[in-house]
Number of protein chains: 2
Amino acid sequence: MTPLFARMTVAGVGLIGGSLAAAARRAGLVGAVVGFGRSAANLALARERDLVDRTTDDPAVAAAGAELIVLAAPVGALGALAERLRPHAAPGTLLTDVGSVKGALVAALEAAWQGRGPVVGAHPLAGSEAAGAGAARADLFVGRRCILTPTERTDPTALARVRALWAGVGARVEEMAPAAHDALLARTSHLPHLLAYALVTAAAGAAVDGRAVLDYAAAGFLDTTRIAGSRGELWRDILLANAPALADALAEFRAALAHLERLVAEGAAGPLLAALEAAAAARRALDGGR
Amino acid sequence: MTPLFARMTVAGVGLIGGSLAAAARRAGLVGAVVGFGRSAANLALARERDLVDRTTDDPAVAAAGAELIVLAAPVGALGALAERLRPHAAPGTLLTDVGSVKGALVAALEAAWQGRGPVVGAHPLAGSEAAGAGAARADLFVGRRCILTPTERTDPTALARVRALWAGVGARVEEMAPAAHDALLARTSHLPHLLAYALVTAAAGAAVDGRAVLDYAAAGFLDTTRIAGSRGELWRDILLANAPALADALAEFRAALAHLERLVAEGAAGPLLAALEAAAAARRALDGGR
């Protein structure tokens, strides 16, 4: 069977890029995978774990001969990364990414790749606080959503090929406008990260009668703040790139919090119970559904 | 070996009460354990799972002959529960509780139990979103903190006996003033619960282009909001009982959140990265420590 792509280059062999490389190889979707990155240690780990066929830190080697380039570095670095790879990429090279923000990013990639080849924005919902080639695994995307965000400029054939790649590694692929993606992810991912970072920040410096607050963190605190252990560089980029949608999500959250706070301050036991029970039911339904 | 308590009555055989019953029996700390509660089904489950020696829904039977009574129902119910048990309790009966709030609660229990016997406030840090006798397990407290909150009125011998009980089931026991407990727990537990409930509340009703926001909840959202699946009755009581300390904790959290939000709005990439990295380091240290 002819592979979907003769050669795929993954720029950034971390949790997502490394997992895609391993999964695409295992599924026979690619003839060869080249891992491109800055960290020699991470590239060595990617080879050692057999995530990729070979690695390079040279953009010319990375881009030459690639039929598909997947940008899998932190969101803020992707525009410059595309510019660096572009001179070495053959005409028609398909460019895609796995960034957690799509609107401004896809527009920037389309501009950077203009006249070089098609661009398809993609975002597999499979991130975690784990990072690096050491955290990658070939089954990471099985059953997970992958959102493709075509624009007016997206080539339908390129879109279909990227869809086939993600479907081939087990993801549930769907399409929506970049702005819709950013509004959804602001609420389900970017806002929770910001809250977790703020919660840890507030607790980290605090003490009560000489006792460090964080010494009393139990299971609930650990769950609630787990994602605050995520890489700062990654999340700085995401928060900055999706600032407008994040601000909207924050406003909605603040309204919900202020409502609960008011019920507590007023001692409104009945309405407070109803509000908590409604939230608890909505939260439990998420466990049932997966 | 003579047990520490000839008979212990546990009022509320849920996650905490049921686990304490099972653990104390297994460790030989108690001669017999009586489970007292409202729900016949939960009491039957407690018997079936061999958490207790016998059960009753009669306060007279529950209190008569008990050397120690442990209140393990939702915080808001404990004052009335003590009043109901009091007429049937022998002079000298030791009263303790496992409530997540201590200041107002311990004062209320001391008033309710005045002239009947000693009162010792306690709080094992072992709660979760799980509930009921079905979730109880004898090893729940092993390695967990248990905070005792003596007051000026606390009898030293009674305090030492309750300490021995919790140490005997594996907890790391310490003492502090009720107000210190409430200030710490507001920050490590009550605030995170309130935030999780607010986050689910904000997301539950929201849609983007006809897509329900919660359909896009991935691992990060699930972790961050897991505790919002907790029983509303329990958390209504806790939030109301600790409202002043919770308001202080909320103010600190809001300041931390506003700072991060300002850095995002200003596009202050450097300071934002530093703030996120500091939080991430503090959060990761919590995993290393346990």
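Residue numbers start from 1 in every chain, and the chains themselves are labelled A, B, ... in the order their sequence lines are given, proteins ahead of strands. Side chains are part of it too, since the values below use all heavy atoms of this structure and drop only hydrogens, waters and symmetry mates. On a predicted model such as this, the values are computed, not experimentally measured, just so you know.
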Among [options], residue most engaged with chain A (heavy-atom pairs, under 4.5 Å):
| options | value |
| --- | --- |
| B:Val200, B:Leu263, B:Asp223 | B:Asp223 |
| B:Asp209, B:Val213, B:Thr201 | B:Val213 |
| B:Arg231, B:Glu261, B:Arg283, B:Arg145 | B:Arg283 |

Among the options [options], pick out the one with the most heavy-atom pairs lying under 4.5 Å from chain B.
| options | value |
| --- | --- |
| A:Leu194, A:Ile147, A:Leu199, A:Leu195 | A:Leu199 |
| A:Ala202, A:Ala255, A:Ala228, A:Ala204 | A:Ala228 |
| A:Ala282, A:Ala269, A:Ala249 | A:Ala269 |
| A:Ala198, A:Gly205, A:Ala274 | A:Ala198 |
| A:Arg144, A:Glu233, A:Arg226, A:His259 | A:Arg226 |

Side chain from CB out, backbone as N, CA, C, O: work out which of these in [X] comes under 4.5 Å of a heavy atom of chain A, or both, or neither.
| X | result |
| --- | --- |
| B:Ala203 | neither |
| B:Ala180 | both |
| B:Arg211 | both |
| B:Glu174 | side chain |
| B:Leu191 | side chain |
| B:Ala278 | neither |

- Message: Quick check on A:Leu276 against chain B: is it the side chain, the backbone, both or neither that has a heavy atom closer than 4.5 Å?
- Response: both

- Message: Can you tell me which portion of A:Ala243 sits under 4.5 Å from chain B's heavy atoms? Options are side chain, backbone, both or neither.
- Response: both

For the atom pair [atom1] ([X]) and [atom2] ([Y]), what is the distance rounded to the nearest 0.5 Å?
| X | Y | atom1 | atom2 | answer |
| --- | --- | --- | --- | --- |
| A:Glu277 | B:Trp235 | CD | CH2 | 13.5 Å |
| B:Leu184 | A:Asp215 | CG | CG | 9.0 Å |
| B:Leu239 | A:Leu260 | CG | CG | 8.5 Å |
| B:Arg284 | A:Ser230 | CZ | OG | 8.0 Å |

- Output, in order, the C-alpha distance, side-chain angles, deciding distance and verdict of side-chain contact (heavy atoms from CB on, under 4.5 Å) for B:Leu272 and A:Leu240. CA-CA 9 Å; B:Leu272 180 60; A:Leu240 291 176; 3.8 Å; yes

- Should A:Ile227 and B:Phe221 be marked as a side-chain contact (heavy atoms from CB on, under 4.5 Å) after you check the CA-CA gap, both sets of side-chain angles, and the distance that decides it? CA-CA 9 Å; A:Ile227 54 178; B:Phe221 188 91; over 6 Å; no

- Message: For a quick test of reading the model, state the closest non-hydrogen atom pair linking A:Ala217 to B:Leu286 and the distance between them.
- Response: CB-CD1, 4.2 Å

- Taking the six-membered ring of B:Tyr216, is NZ or CZ of A:Arg187 closer than 6.0 Å to its centre and within 45° of its axis? no

